[in-house]
Each structure stands twice: as structure tokens, then as C-alpha cells.
Amino acid sequence: MLDMKSTKSERQKLGTIREISLPIISDPRGDLTFVEGERHVPFVIRRVYYLYNVPVDSERGGHAHRKLEQVIFALSGSFRIKTDDGKTKSEFWLRNPRKGLYVSNLIWREMDNFSQGAVCMVLASERYDESDYYRSYDDFLQVSRDLGGA
Ligand code: T46
């Protein structure tokens, strides 16, 4: 579970990844899942974007963020996310629309193995800002080391 009591500055220092589960309400008409900012995700949701029509051999990501926090979902289909906090590499498979991956700032991420028709939805703590990206792994690693993460 996410620690909803952690402050933004505490989360920003850590470089953390956590799996989160959203509520589900099922009845004979189908399933309903909802997400509320600052309740199910530990930030105000300032942006939502989604990836779709992704070729199955596509590789996305390949960057980290200075400040941005996100929660990533597979609304349909599946894909893999490989993460790296500068010290530890992990991998996660997203395939359940009510199970998301919280990815804090200072986490390098790469996404691949998209299934046919996969839809990835991302909830983000900030509006789009290209200057928030580390698109060079070496730069990311250097910052991670400087902050004591590697
Ligand atoms: C992440 C993974 C999961 C925008 O103009 N606005 C936006 O909100 C976003 C996300 C992107 N863009 C532009 C920037 C690039 O010119 O769309 C283009 C493709 O973006 P990018 O190559 O960063 O896309 P992905 O799929 O590699 O990465 C995205 C997010 O950027 C990233 O934060 O974690 O999805």
C-alpha cells in the first residue's frame, strides 16, 4: 500500500516504486473502478495521458523525472515496465486495470512487451514539462549518486 501520510518532499528524496490497488465495484452490469487524487494516489492529479495503438515491438520510456510522480495503469492488455532507482533494477508486468504502479521522481523507466491493443493510462502530479526529464541515463545516474541513491 502507498503511504498516503508521506509528504511530497519525503517521497521526492526516496525514488520509490509501489504497486497500488484501486477499489472495484462489481455487479451484473460489469466492473467499476475509480481513483481519487490524494486518496488512492498520493498527489493532486494535474494531468492524465494514455498510450494506445502501440506496436507490439515498441519500446517507450527511457527516461527519469526530476520532480514528477506518476501512477501507471494497463487499462487494457498488458506491458512490462523495467525500473531503476540508480541502485536496484526491477521489473513489473501491468495487466489488471485496477492495479497500478506508483513511480516517483528519480526512477529510470523503460516499457516494452506491449500486447496487441494495450492501453496505458498515466496519472501525473504535474503538467507536461520537458525540462523535468532526464533523457540521458548517465545524467540520471550521476544525480542519483549525488543524492546518495547509487
Ligand atoms: C512516462 C511514460 C510512461 C507531451 O507533449 N505531453 C505529455 O503529457 C507527454 C507525456 C508527452 N508529450 C510529448 C513529448 C514527446 O514529444 O509527446 C512525445 C512523446 O513523449 P515520450 O517520448 O516522453 O513518451 P513515452 O511514452 O516514452 O513516455 C511517457 C512519458 O513521457 C513518461 O513520463 O513515464 O510515458
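- Side-chain atoms of Cys120 and Phe79, non-hydrogen and from C-beta on, do get closer than 4.5 Å to each other.
- Note on ring orientation: taking the six-membered ring where Trp is involved, the planes of His40 and Phe34 are perpendicular (angle over 60°, cut-offs 30° and 60°).
- Scanning all heavy atoms of the two residues, the minimum distance from Gly77 to Ser115 falls at CA-OG, 3.3 Å.
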Self-check item: Pair Leu123-Val48, side-chain contact (heavy atoms from CB on, under 4.5 Å): steps then yes or no
Solution: CA-CA 5 Å; Leu123 308 177; Val48 178; 3.8 Å; yes

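- Other residues, nucleotides and ligands contribute only 12 or fewer heavy atoms inside 6.0 Å of the OH atom of Tyr52.
- Checked by atom type and distance alone, the side chain of Thr33 pairs as donor or acceptor with a backbone atom of Pro23 at under 3.5 Å.
- Remark: Asp132 CG to Arg66 CZ distance equals 7.0 Å, nearest 0.5 Å.
- Under a hydrophobic clustering in which Ile, Leu, Val, Met, Phe, Trp and Tyr are joined whenever their side-chain heavy atoms come within less than 4.5 Å, directly or via other members, Met121 and Val41 fall into the same cluster.
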Practice problem: Could you go through the side-chain contact (heavy atoms from CB on, under 4.5 Å) check for Ile72 and Tyr102 one step at a time? | Solution: CA-CA 7 Å; Ile72 303 174; Tyr102 168 77; over 6 Å; no

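- Considering CD of Glu110 and OH of Tyr137, their distance stands at 8.5 Å, rounded to 0.5 Å.
- Within the model, atoms CD1 of Ile81 and CG of Leu101 stand 5.0 Å from one another, a figure rounded to the nearest 0.5 Å.
- Enclosure of atom CZ in Arg127 is not indicated, since only 12 or fewer non-hydrogen atoms of other residues, nucleotides or ligands lie within 6.0 angstrom.
- The shortest side-chain heavy-atom distance between Val103 and Val71 does not fall under the 4.5 Å cut-off.
- Residues Phe140 and Asp85 share a closest heavy-atom pair of CZ-C, 3.9 Å.
- Judged by distance alone, the side chains of Asp138 and Gln142 never bring a donor and an acceptor atom under 3.5 Å apart.
- Expressed to the nearest 0.5 Å, how far CD of Glu69 lies from CD1 of Ile107 amounts to 11.0 Å.
- A continuous path of ILVMFWY side-chain contacts below 4.5 Å connects Tyr49 to Leu94, so both sit in one hydrophobic cluster.
- The two residues Leu75 and Pro97 have their closest heavy-atom pair at O-CB, 3.7 Å.
- A salt bridge between Asp112 and Arg80 is present, with a side-chain N of the basic residue lying under 4.0 Å from a carboxylate O of the acidic one.
- With rounding to the nearest 0.5 Å, the separation of OG in Ser104 from CZ in Phe43 is 10.5 Å.
- Both Tyr50 and Leu22 are assigned to one and the same hydrophobic cluster, defined by single-linkage of ILVMFWY side chains at heavy-atom distances under 4.5 Å.
- For the pair Leu51 and Val119, the minimum side-chain heavy-atom distance is 4.5 Å or more.
- Within 6.0 Å of CD on Glu91 lie more than 12 heavy atoms contributed by other residues, nucleotides or ligands.
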Quiz item: Could you walk me through whether Arg60 and Phe114 pass the side-chain contact (heavy atoms from CB on, under 4.5 Å) check?
Solution: CA-CA 10 Å; Arg60 305 201 62 121; Phe114 287 86; 4.2 Å; yes

Quiz item: Can Phe92 and Ile17 be said to form a side-chain contact (heavy atoms from CB on, under 4.5 Å), step by step?
Solution: CA-CA 10 Å; Phe92 303 86; Ile17 310 148; 3.6 Å; yes

Exercise. Take His65 and Tyr134 through the test ring pair (Phe, Tyr, Trp, His ring centres under 6.0 Å) and record every step on the way to the result.
Key: CA-CA 6 Å; His65 288 279; Tyr134 294 108; 8.7 Å; no

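- When hydrophobic clusters are built by joining Ile, Leu, Val, Met, Phe, Trp and Tyr residues whose side-chain heavy atoms come closer than 4.5 Å, directly or via intermediates, Phe73 is not grouped with Ile24.
- Around CD of Gln116, the count of heavy atoms belonging to other residues, nucleotides or ligands within 6.0 Å does not exceed 12.
- At a threshold of 4.0 Å, the pair Asp84-Lys89 counts as salt-bridged, since one of the basic side-chain nitrogens sits closer than that to a carboxylate oxygen.
- Nearest heavy atoms, Ser144 versus Gly86: OG-CA, 3.7 Å.
- Judged by distance alone, with hydrogens and angles left aside, the side-chain atoms of Arg109 form no donor-acceptor pair with the main-chain N or O of Thr83 at under 3.5 Å.
- Residues Val122 and Gln70 come closest through the heavy atom pair CG1-OE1, 3.3 Å.
- Rounding to the nearest 0.5 angstrom, the gap separating the OG atom in Ser125 from the CD atom in Glu38 is 11.0 Å.
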